Amino acid sequence: MTGPFTAGTAGGAAGGARGTAASARRDRLEALADAALRFRRWTPVLTAWGRHLAGVLDSGGRLLACGNGGSAAEAQHLTAELVGRFEGERRPFAAIPLHGDTSAITAIGNDYGAVHAFARQVRAHGRPGDVLICLSTSGRSPNVLAAARAARRLGVTSWAITGPSPNPLAAACDDAVTVDARAAATVQEVHLAAVHLLCGVIDETLEVT
């Protein structure tokens with residue numbers, strides 16, 4: 001039988017659960033804000049990347065980008081901003097997300113193994129002077145590492161955007177920026193900010209209005 005005391009206890013438990021969930025949401029936002037503030041130290045590196053990439057793209061070179069899962073989404077977000085536009089109006093640039101061609105990626109995975117899914121495409125599309133951006137929350141994804149190593153052999157500039165350092169991907173690339181955060185979700189959220197900062201510098205360098 002339910003009386004006033006029992007109902008009050010149930011309501012208190014539900015209220016406590018809601019309070020715990022609200023606290024967890026606040027903690028998530030605070031972790032993101034803290035990671036974003038620490039990431040500010042990489043602004044000079046992203047500025048240098050954006051200026052370099054603007055020159056590559058403006059002269060007819062291309063950007064390749066790769067990642068797995070959420071990092072694949074970030075890679076495609078970056079390339080979409082370049083093929084389309086970021087904020088101002090400008091001509092489209094050559095930018096390819098290496099996970100985007102499902103026929104190629106499944107054929108390569110089937111014939112050569114999943115670890116080669118990106119590296120073989122780097123060999124197909126990359127030219128000396130082009131840029132490869134590798135995104136990984138862990139910095140340990142074998143297929144992304146293989147892509148970075150293929151880029152180095154071809155003379156393609158490789159940059160890593162990863163989670164906490166040190167990690168193998170940051171070491172395998174020509175340069176890297178890292179996000180100091182525990183949760184992969186927080187790392188990915190800061191990666192999106194990095195993508196937008198990079199696009200902003202490209203537009204600024206090309207005097208896009």
Side-chain angles (χ1 to χ4, degrees), residues 46 49-50 52-86 92-179 184-185 187-192 194-196 198-199 202:
L46 289 169
W49 287 9
H52 178 84
L53 187 53
V56 170
L57 296 171
D58 198 42
S59 63
R62 68 184 59 170
L63 170 71
L64 309 177
C66 66
N68 295 299
S71 295
E74 301 288 11
Q76 193 162 354
H77 189 128
L78 171 58
T79 58
E81 302 282 26
L82 296 174
V83 176
R85 67 174 186 176
F86 178 51
F93 294 124
I96 303 172
L98 297 183
H99 70 281
D101 184 343
T102 54
S103 295
I105 204 165
T106 53
I108 294 165
N110 185 63
D111 294 343
Y112 300 98
V115 73
H116 298 288
F118 299 143
R120 192 166 179 86
Q121 292 185 79
V122 170
R123 290 168 56 199
H125 301 303
R127 303 292 182 268
D130 288 346
V131 174
L132 170 70
I133 292 184
C134 301
L135 295 107
S136 172
T137 57
S138 68
R140 292 174 172 79
S141 301
N143 55 356
V144 181
L145 279 163
R149 290 165 182 150
R152 178 160 289 180
R153 289 192 292 270
L154 288 171
V156 172
T157 300
S158 59
W159 299 331
I161 304 177
T162 76
S165 62
N167 63 70
L169 182 60
C173 288
D174 296 312
D175 205 356
V177 296
T178 61
V179 178
V187 172
Q188 288 175 345
E189 288 155 1
V190 178
H191 282 184
L192 176 58
V195 163
H196 282 168
L198 190 58
C199 291
I202 291 168

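Computed from a predicted model, the values in this text were never measured in an experiment. Quick note: residue numbers are just sequence positions, from 1.
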Novice: Give, for atom NE2 of H191 and atom OG1 of T137, the distance between the pair rounded to the nearest 0.5 Å.
Specialist: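 The NE2 atom of H191 sits 7.5 Å away from the OG1 atom of T137.
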
Novice: Report the relative orientation of the aromatic rings in W49 and W159; use parallel for angles under 30°, tilted for 30 to 60°, perpendicular for over 60°.
Specialist: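 Answer is parallel, since the angle falls under 30°.
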
Novice: Which atom pair, heavy atoms only, marks the closest approach of L169 to S136?
Specialist: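 Between these two residues, the closest heavy atoms are CD2-CB, 3.7 Å.
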
Novice: Please find the pair of heavy atoms, one from R123 and one from L154, that lie closest to each other, and give the distance.
Specialist: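 Shortest heavy-atom separation between R123 and L154 comes out as CA-CD1, 3.6 Å.
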
Novice: Look up atom CD in E81 and atom CG in L63, then write down how far apart they are to the nearest 0.5 Å.
Specialist: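 Reported value, rounded in 0.5 Å steps: 12.5 Å.
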
Novice: Distance-only check: which donor-acceptor pairs under 3.5 Å involve side-chain atoms of residues 102-109, not counting sequence neighbours?
Specialist:
from, atom 1, to, atom 2, distance (Å)
T106, OG1, T102, O, 2.6
T106, OG1, S103, O, 3.2

Novice: To the closest 0.5 Å, what do you measure between CG (D101) and CD1 (I96)?
Specialist: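 Answer rounded to 0.5 Å: 9.5 Å.
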
Novice: Within the distance-only criterion (no hydrogens, no angle test), does the side chain of D130 pair as donor or acceptor with the backbone N or O of R62 below 3.5 angstrom?
Specialist: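 Yes, D130 side chain to R62 backbone: donor-acceptor pair under 3.5 Å.
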
Novice: Using every non-hydrogen atom in the two residues, find where A170 and A176 come nearest and quote the distance to one decimal.
Specialist: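 Heavy atoms of A170 and A176 come nearest at CB-CB, 3.7 Å.
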
Novice: Please tabulate, for the side chains in residues 139-151, all donor-acceptor contacts under 3.5 angstrom to protein atoms that are two or more places apart in sequence or on a different chain.
Specialist:
from, atom 1, to, atom 2, distance (Å)
R140, NH1, S138, O, 3.0
N143, OD1, N68, ND2, 2.9
N143, ND2, N68, OD1, 2.9

Novice: To the nearest 0.5 angstrom, please state how far the OG1 atom of T79 sits from the CD atom of E74.
Specialist: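 T79 atom OG1 to E74 atom CD measures 11.5 Å (nearest 0.5 Å).
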
Novice: How about Q121 and L64: do any of their side-chain heavy atoms sit closer than 4.5 Å?
Specialist: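 The answer is no; the side chains never approach within 4.5 Å.
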
Novice: Between G67 and A72, which heavy-atom pair has the shortest distance, and what is it?
Specialist: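 Result for this residue pair: O-CB, 3.2 Å.
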
Novice: Could you tell me whether the side chain of T178 and the main chain of T162 form a donor-acceptor pair under 3.5 Å?
Specialist: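 No.
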
Novice: Compare all side-chain heavy atoms of T157 with those of V56 and state whether any distance is below 4.5 angstrom.
Specialist: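 A side-chain contact is absent here, since even the closest heavy-atom pair is not under 4.5 Å.
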
Novice: Taking atom CD1 of I161 and atom CG of L135, what is their separation to the nearest 0.5 Å?
Specialist: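 Rounded to the nearest 0.5 Å, the CD1-CG separation comes out at 4.5 Å.
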
Novice: Which atom pair, heavy atoms only, marks the closest approach of G163 to V187?
Specialist: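 So the two residues come closest at CA-CG1, 3.8 Å.
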
Novice: Take L132 and L98 through the side chain to side chain contact (heavy atoms under 4.5 Å, CB included) test and state the conclusion after the steps.
Specialist: CA-CA 10 Å; L132 170 70; L98 297 183; 4.2 Å; yes

Novice: Within this structure, what is the CD-SG distance for the pair Q76 and C66, rounded to the nearest 0.5 Å?
Specialist: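 Result: 13.0 Å between the selected atoms.
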
